[in-house]
Amino acid sequence: MEYNFREIERKWQEKWRESGIYKTEEDESRPKFYVLDMFPYPSGAGLHVGHPLGYIGSDIYARYKRQKGFNVLHPMGYDAFGLPAEQYAIQTGQHPAITTGKNVDRYREQLDKIGFSFDWERSFKTCDPDYYKWTQWTFIQLFNSYYDNKQSKALPIAELESFFAANGTYGLCAAETEPMDFTANDWNSFDERQRQETLMNYRLAYLADTWVNWCPELGTVLANDEVVNGLSVRGGFPVERKLMKQWNLRVSAYAERLLQGLDTVEWSDSLKEIQRNWIGRSEGAAVWFPLAKNGPADWKEIYMGSVEGVKSEVAFEIFTTRPDTIFGVTFMVLCPEHEMIASITTDEQKDEVESYVTWAKNRSERERQAEVKKVTGVFTGAFAVNPLTEERIPIWVSDYVLSDYGTGAIMAVPAHDSRDFAFARHFSLPIRQVVAPSQDEVSNPDTWSESMDSKTGVCVNSGFITGMTVKDAGKAVIEKIKALGIGYGTVNYRLRDAIFSRQRYWGEPFPIYYKDGMPYTVPENELPVLLPEVDRFLPTETGEPPLARAKDWTYNGFQMEYSTMPGFAGSSAYYLRYMDPKNDTALVSEKADKYWQQVDLYVGGAEHGTGHLIYARFWNKFLFDIGVSCKDEPFKKLINQGMIQGRSNFVYRVVGTNKFVSLNLKNDYETTPIHVDVNIVHNDILDIEAFRNWMPDFKDAEFVLENGQYVCGWEVEKMSKSKYNVQNPDDLVERYGADTLRMYEMFLGPIEMAKPWDTNGIEGVFRFLKKFWKLYFDQNGEFSVSDDEPTKQELKTLHKTIKKIEDDNERFSFNTAVSAFMICVNELQEAKCCKRAILEPLTVLMSAYAPHIAEELWSLLGHEDSVVTTGFPACDEHYLQDDEYVYPVSFNGKMRLKMSFPANFSPKDIEPKVLENPDVQKWLDGKTPKKIIIVPKKIVNIVF
RNA sequence: GCCGAAGUGGUGGAAUGGUAGACACGAGGGACUUAAAAUCCCUUGCCCAUUGCGGGCGUGCGGGUUCAAGUCCCGCCUUCGGUACCA
């Protein structure tokens, strides 16, 4: 019987569906294991071969874990809200829900063909109201929480209200948008509006005027991770900065926990490092620099008392990571957005400062980034006082200081910071060296070509810290400013709060309405707030988001929020929902959460390192704080499948003709390379007939062949339609079957490595499966398996394979596992082994990789049950032992000959036998060896 | 610039510090066949020798540690990913 993969795969996929064999339930009697793939955004283009790479890997692991006795949760769903469906809706008028539905059906169809063991009963889309109800619910909890820095956790906002009523802000230690200062009496006399505005400064989901990345083309704001090089990730449109009232999530409150948590998860070092950089923790000091309004004489009075006593109208708070260089400060710089600029600028400088600030604020992100090296700035005419040297220093404004990091104001130390250096040189400001490699290596900074940014060395020209190492001096300065009450040691993070509003239609509506201009939440029992219908998916004429078009978009007569939530809202807790997807009283029941705990293995692309994987961790930590999730970290182990790049093929057209010349002859002509559809090229040989039919232009093409064939060139590029290098898995499944595709995708290389997609080797895997199939059939094609006792050699082959597959599965080395199967089948074929005792366990091993063929053979072997419910075979090491072992014998490390000894020989027994060997004697040539190194079962090395 | 990962045949890639190139593709040769497909066998890192053997060189480059280095250490080069005025 032939290996008819089409029939076999159709048959078993149907059986699995009918029997619901992959349905999962909580089962206290078995240990659990949760394997999750990053769910896909169902785009119109369907799945390409890059998608299943991770899914196949996780499916193999899930099946392997089931065989090992685990109760495996392995769900799949869709990240269905998002821009492409909406852009399509704008162009065609078709509702995004319809487009999304169609795409989801197509994805499902494609996924089903590959034979995954997903529990589809747990599936959902993020745009399902039953699901986004809980996204909205979580938002309400965020709105009603603040972050307590002492306990390092989120607490109910009501507790903050009681705190204010009793203490005002005195002793408060909470994450905040900006510092506030009021007493209990103040609070108690506040009206409702003032209280709401105050609380907004602390809520974890808060509304605030925010400098945002505004993308006019998309008509929406974007988060930092959605903007690359000043262009939107989706569409590549320019992005500008704009001050807008936006919802934000106080992700920054969790910066330290997000950083610490990385030490507790099993992720790749590179991905952890990406997140650490994104969080960007830096230790340093905050220092108050007073304004020298009336000269140095009166500034000291300002400092009577504590830091709290310093009035921000007369002093600037700066952040520095180099307090040790404070004696080298020669000027200060404020960001153009700094609120004190207007009040300090002198009359003479007013016009110049105003025009600079206007210019700087209107510069687009892209312009700003393109001109990073260009130094711009303006002097305010005002001076500050360096609190340690009592010197007057000029205050400048420049856009190299960012408004949203630190305090938007810096002390400039041009000698030891490259940006300050460039600025000082450009505007001829003084540069003073305060750090040197050693006391006597001081030089004239005017002769320097760059600043000395090194954080090693000793302080010079630095008052009381002169002579100290940089490290000690930093500590000493912090002590000093603390004692003086003008500053303190502190930590700053690069991680910003996440902007949470999108002025788009196709997203979760906010459960928020406005009363007297203040936002209030819709009661939880009225969730979900359904996405309303609109006539068009565009902003209104007055520039309001599309939801403003909805009829009667109100709650009890109050206007609802017009923005919707961003894509990451729906993807931030979906892994929790899979634990209990049908629950309509909770995001996840306590019971389900206690059982499944967290994702044990998460598989997906590293491109989500600074987006989804930060947001989901934040979201989960919050849910942990409020008792919804029992684990602080959502994803215990993470595997990043490498990106699949495209492998493009080219034909070479002779310039000005319709003649195409084969790769190795092209140097004889003047040619232009043209992308050719990879689907009409096999092993780099062009299917000429198919090429002629591919495009009308090529109908009458002529060819210059080599050896009767047209050889195409190739290059690794991004997979894209325009490069004709997209391969969709359906074609391969149709041609070779799902089992071949599964094994081939694994065979390509290590799952974590980026690699070009290349079908050139798929024949080999297909041949292997045919060979595997043939082991079970005799020459006449009849199924024929013998019950004879296997030989020692056959048992060795089997158990070697069991051990190897187990090891490889555990370390996700699926490519070497496929090779191990090939070796095994080759050996069995050579031995003409068709014994049940060997083939049965092999079938079970194979079932994780090629489940359809394994099921078919399992049933032919006479089993009633399914192979996927059968346990992983045990390896008996006894069969792996050799009677005899071949030692490579080397001289001074160079291999010369091989000798075999009984496996149980000890080094002591081997040594004399080696020396007796005539070849060894020849090599020794009468000399006595200095040393003989014998590593059992490894090598004999003679040193002389 | 900074951070991270990786450089091995014509190609994808194997190698707990111990015979580098497993396994596969491709290529060349052969068997079967009227023929093709399918299948099977042999060769295949480079160079020299080739009647048989055999010998030399080889894991991006330069050093080092070791009896022994693709693997460990130091210094470079290249490629890919992340990030980028983050004070």
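Throughout, protein chains are lettered first and strands after them, A, B, ... in sequence-line order, and every chain is numbered starting at 1. Values reported hereafter were calculated over all heavy atoms of this structure, with side chains retained and with hydrogens, waters and symmetry mates removed.
Annotation: A/K937, atom NZ; neighbour count of heavy atoms from other residues, nucleotides and ligands within 6.0 Å is above 12.
With both pairing distances under 3.5 Å, B/A87 is matched to nothing as a Watson-Crick or G-U wobble pair. Nucleotide B/U34 forms no Watson-Crick or G-U wobble pair with any nucleotide shown, as no partner meets the under 3.5 Å limit on both distances. Of the nucleotides present, B/C77 is the one that pairs with B/G7 by Watson-Crick or G-U wobble criteria, both distances under 3.5 Å. B/U71 makes up no base pair with any nucleotide shown, lacking Watson-Crick or G-U wobble contacts both under 3.5 Å. Base pairing annotation: B/C23 forms a Watson-Crick or G-U wobble pair with B/G12, both donor-acceptor distances under 3.5 Å.
Applying the side-chain hydrogen bond (donor to acceptor under 3.5 Å, both in side chains) criterion to A/T610, with sequence neighbours excluded, gives no partner residue. Remark: A/R494 engages no residue in a salt bridge (charged side-chain N to carboxylate O under 4.0 Å, His left out) (not counting sequence neighbours). Applying the side-chain contact (heavy atoms from CB on, under 4.5 Å) criterion to A/T407, with sequence neighbours excluded, gives A/E317, A/A409. With sequence neighbours excluded, no residue forms a salt bridge (charged side-chain N to carboxylate O under 4.0 Å, His left out) with A/D497. Evaluation of the ring pair (Phe, Tyr, Trp, His ring centres under 6.0 Å) rule for A/Y710 yields A/F703 as partners, not counting sequence neighbours. With sequence neighbours left out, A/E283 forms a side-chain hydrogen bond (donor to acceptor under 3.5 Å, both in side chains) with A/R281. By the salt bridge (charged side-chain N to carboxylate O under 4.0 Å, His left out) test, A/D807 pairs with no residue at all, sequence neighbours left out. Remark: A/D687 pairs with no residue by the side-chain hydrogen bond (donor to acceptor under 3.5 Å, both in side chains) rule, at least two apart or across chains. The salt bridge (charged side-chain N to carboxylate O under 4.0 Å, His left out) test applied to A/D417 returns A/R419, not counting sequence neighbours.
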Every protein N/O lying under 3.5 Å from an N/O of nucleotides 23-33 of chain B:
from, atom 1, to, atom 2, distance (Å)
B/A24, OP1, A/N826, ND2, 2.9
B/C25, OP1, A/R767, NE, 3.0
B/C25, OP1, A/R767, NH2, 2.7
B/C25, O2', A/N760, O, 2.7
B/G26, OP2, A/R767, NH2, 3.4

Detail all sub-3.5 Å separations between protein N/O atoms and N/O atoms belonging to nucleotides 65-73 of chain B.
from, atom 1, to, atom 2, distance (Å)
B/C67, O2', A/N941, ND2, 3.3
B/C67, O2, A/N941, ND2, 2.3

Distances for protein N/O vs nucleotides 2-11 of chain B N/O pairs under 3.5 angstrom?
none

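In this model, a donor atom of one side chain and an acceptor atom of the other lie less than 3.5 Å apart for A/S282 and A/Y405.
Spacing between atom CG of A/L769 and atom C1' of B/U39 amounts to 16 Å, rounded to whole angstrom units. Atom NE2 of A/H608 and atom P of B/G81 are 16 Å apart (whole Å). With rounding to whole Å, A/R896 atom CZ is found 10 Å from B/G55 atom C1'.
Residue A/T610 has its side chain nearest to B/U83 when only B/G12, B/A87, B/U83 are considered. Here the side chain of A/F319 is nearest to one of B/U19, B/A87, B/G12, namely B/A87.
Comparing B/A24 with B/C76, their P atoms sit 42 Å apart, to the nearest whole Å. Separation of the C1' atoms belonging to B/G7 and B/G70 is 11 Å when rounded to the nearest angstrom. Nucleotides B/C41 and B/G64 are separated by 48 Å at their C1' atoms, to the nearest Å. The C1' atoms of B/A15 and B/G9 are separated by 15 Å, rounded to the nearest whole Å. Between B/C57 and B/A69, the two P atoms lie 13 Å apart (nearest whole Å).
Comparing A/S282 and A/N815, the nucleotide of RNA chain B nearest to each residue sits closer to the 5' end for A/N815.
In this structure, A/R617 forms a cation-pi arrangement with A/W267, its terminal cationic atom sitting closer than 6.0 Å to the ring centre and no more than 45° off the ring axis.
Looking at heavy-atom distances under 4.0 Å, A/V333 makes no contact with the nucleic acid at all.
At B/A38, none of the side-chain N or O atoms of A/K770 fall inside 4.0 Å of OP1 or OP2 (strictly under the cut-off). Dashed line: the shortest gap from a side-chain N or O of A/Y405 to OP1 or OP2 of B/A87 is under 4.0 Å.
One N or O on the side chain of A/N941 and one on the backbone of A/G893 form a donor-acceptor pair closer than 3.5 Å.
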